Every structure is written in C-alpha cells, then in structure tokens.
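These numbers come from a predicted model, not from an experiment.
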Amino acid sequence: QSTWGHWQRKSEKEHLAKMSRPKYFTPNEVAIHNTIDDLWVSFLGKVYNLTPLCDKYKGDVLLKPIVQAAGKDISHWFDSKTKDIRTHIDPLTGCTIPYCPNGRFVHIPPPFPNSDWANDFGRPWWKDDGYLVGILSKKTRSIKIINTLTSQEQVIEVCSEEIMSEILQRYLKYNAHAASYTWKYEGRNLDMYQNLADNSIADDDESFYELSMNDDTFLQCLHLYFDDDLTEA
C-alpha cells in the first residue's frame, strides 16, 4: 500500500509539472522545421509552427519571405516593446507603414489602398497563439549521460530552463527505460523537478570556451543507476 501511495503521489506530481510548464525548444530543434510543408520560426522568445499558415496561403507570393525564414529566428521583424511588426516612415508618402526589408508578407496590408486585399483574416499570424508551440530556450547546454549498467555514453543538447524530468524525456530515444534509473551527479541524487542549475550543476560553457576546451571530454556527466524496476518504462 505504501508503494502504491508513493507512485500515486509521484504520478500526481508529474501531472502537475506537465500541466503548469511550457514546452522549451533549442534553436537547433526549430531549425530542422525549414520547409514549406513543415515550417517553424521563433521570435521574441517564442516558437511558432506556421505550417497551417503555409497550407492556407500556398502559392501566394506573400508567403515567400516567411518560407525564406523557415527554421530561423525572426525577432528582428518585430518591435520588442509593442510585440508588433516594426514600422518606418515611407519616404514617398510620409506615412508610417510596416517595415518589411525582405518584402511584404502574409497579413501585411499593401502600402496603398487596394480593393483586392482581403482583410477578413481576423488576427494576424504573429498575434495568433494558435500557432504557438512553446518557448525558445535562452541558453542551451550540452550534457553527457552515462548509463552505469551498460556503460553507454550519450551527449545531448538540453534547454537550461528544463527540469530533469523533461531532460529525461529527451533521453528516452536512447534508452526507453530511462525512468527506471536513479539519476545522479557526483554521487548525489538529482531532484527531477528542478533544472540543472537548481541541482547545483553549474554551466561551465563560457569557461570551457575561453580555455578552448570545446570537445565533449569536459562536459558535466550525469550517471544513471538501474533501479531493477521496469514498471516506469
């Protein structure tokens, strides 16, 4: 009964953690979605899946700047204070218009009145949270995970904001039974509901860079110890 209570409490804790936390992505994860059939961008610290937008406007010339930006960060398109498209003064008309150095794109009005422009699309795509898929990590980290049972070593890139249970989810593709291991650093059990820094695993990337120690040899190592229990797999 006590064992069941333990797993029930753990399950409830995991559920609450998932419900209250956003999904974090690395820039490399955004970058792989770089085609018109699978198009993500990031801007102002968030990640958006614009594939449905591309499907809706496929063949429209106004889609071209967005397709060219596929998989990239486009924060420079926006005013960080207003969260809207940057503007400038048109030298010909003296009017304030959206600043689109790569060309006008979907949901940007034409510079002059045009009866052919359909403005019944509702919210412009950059203000539509329906496209939002998560948060862009402000800082990524590489860590080495060592399975003490098999001696397998794996280096993975993670988001510094992610808690250990989310890092575990990233590692599952290398070890489907990862949840049946105790995760440790320097002999200490890790709190799976805290991130690396809160588990006192310092980010030494800057020091490594300054010392030209850029290979995987000096990465912080997390050690996994098998629990002899596959019920979590």
So Phe105 and Trp77, would you call those rings parallel, tilted or perpendicular, with 30° and 60° as cut-offs?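 Parallel, since the angle between the ring planes stays under 30°.
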Aromatic rings His88 and Tyr99: how do their planes relate, parallel, tilted or perpendicular, breaks at 30° and 60°? perpendicular
Looking only at the aromatic ring of each residue, does the gap between the centers of Trp40 and Phe25 stay below 6.0 angstrom?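 Yes: the rings meet the under 6.0 Å criterion.
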Proximity of Tyr181 and Tyr225 rings by center, below 6.0 Å: no
Hey, does [Y] have a side-chain heavy atom less than 4.5 Å from the side chain of [X]?
X: Leu149; Y: Leu224; value: no
X: Lys127; Y: Asp84; value: yes
X: Leu62; Y: Tyr57; value: no

Assess whether side chain to side chain donor-acceptor pair (under 3.5 Å) is satisfied between Asp73 and Ser75, documenting all intermediate values. CA-CA 6 Å; Asp73 187 83; Ser75 295; 2.8 Å; yes
Within the supplied structure, the quantity of interest is the number of heavy atoms (other residues, nucleotides, ligands) at a distance under 6.0 Å from Lys46 NZ; does it exceed 12?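 It does not: Lys46 NZ has 12 such atoms or fewer within range.
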Should the heavy atoms of other residues, nucleotides or ligands under 6.0 Å from NZ of Lys58 be counted, would the total exceed 12?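 Buried by this count: over 12 neighbours within 6.0 Å.
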[X] side-chain N/O to [Y] backbone N/O, donor-acceptor pair under 3.5 Å:
X: Arg123; Y: Asp129; result: no
X: Asp128; Y: Gly130; result: yes
X: Thr140; Y: Val158; result: no
X: Gln220; Y: Ala202; result: yes

Give a yes or no on whether a salt bridge exists between Glu29 and Lys23, defined as a side-chain N under 4.0 angstrom from a carboxylate O. no
Looking at every heavy atom in both [X] and [Y], which two are closest together, and how far apart are they?
X: Asn147; Y: Asn175; result: ND2-ND2, 3.2 Å
X: Pro52; Y: Tyr131; result: CB-CE2, 4.0 Å
X: Tyr24; Y: Glu162; result: O-OE2, 3.9 Å

State, without any angle test, whether Ser180 and Asp227 hold a side-chain donor-acceptor pair at a distance under 3.5 Å.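 The criterion, which ignores hydrogens and geometry beyond distance, is not satisfied for Asp227 and Ser180.
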I'd like to know if the side chain of Glu157 pairs up with that of Asn28 as donor and acceptor (distance under 3.5 Å, no hydrogens or angles considered).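 Yes - a donor-acceptor pair under 3.5 Å links their side chains.
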With rounding to the nearest 0.5 Å, note down the distance linking CD1 in Ile97 to CZ in Arg86. 13.0 Å
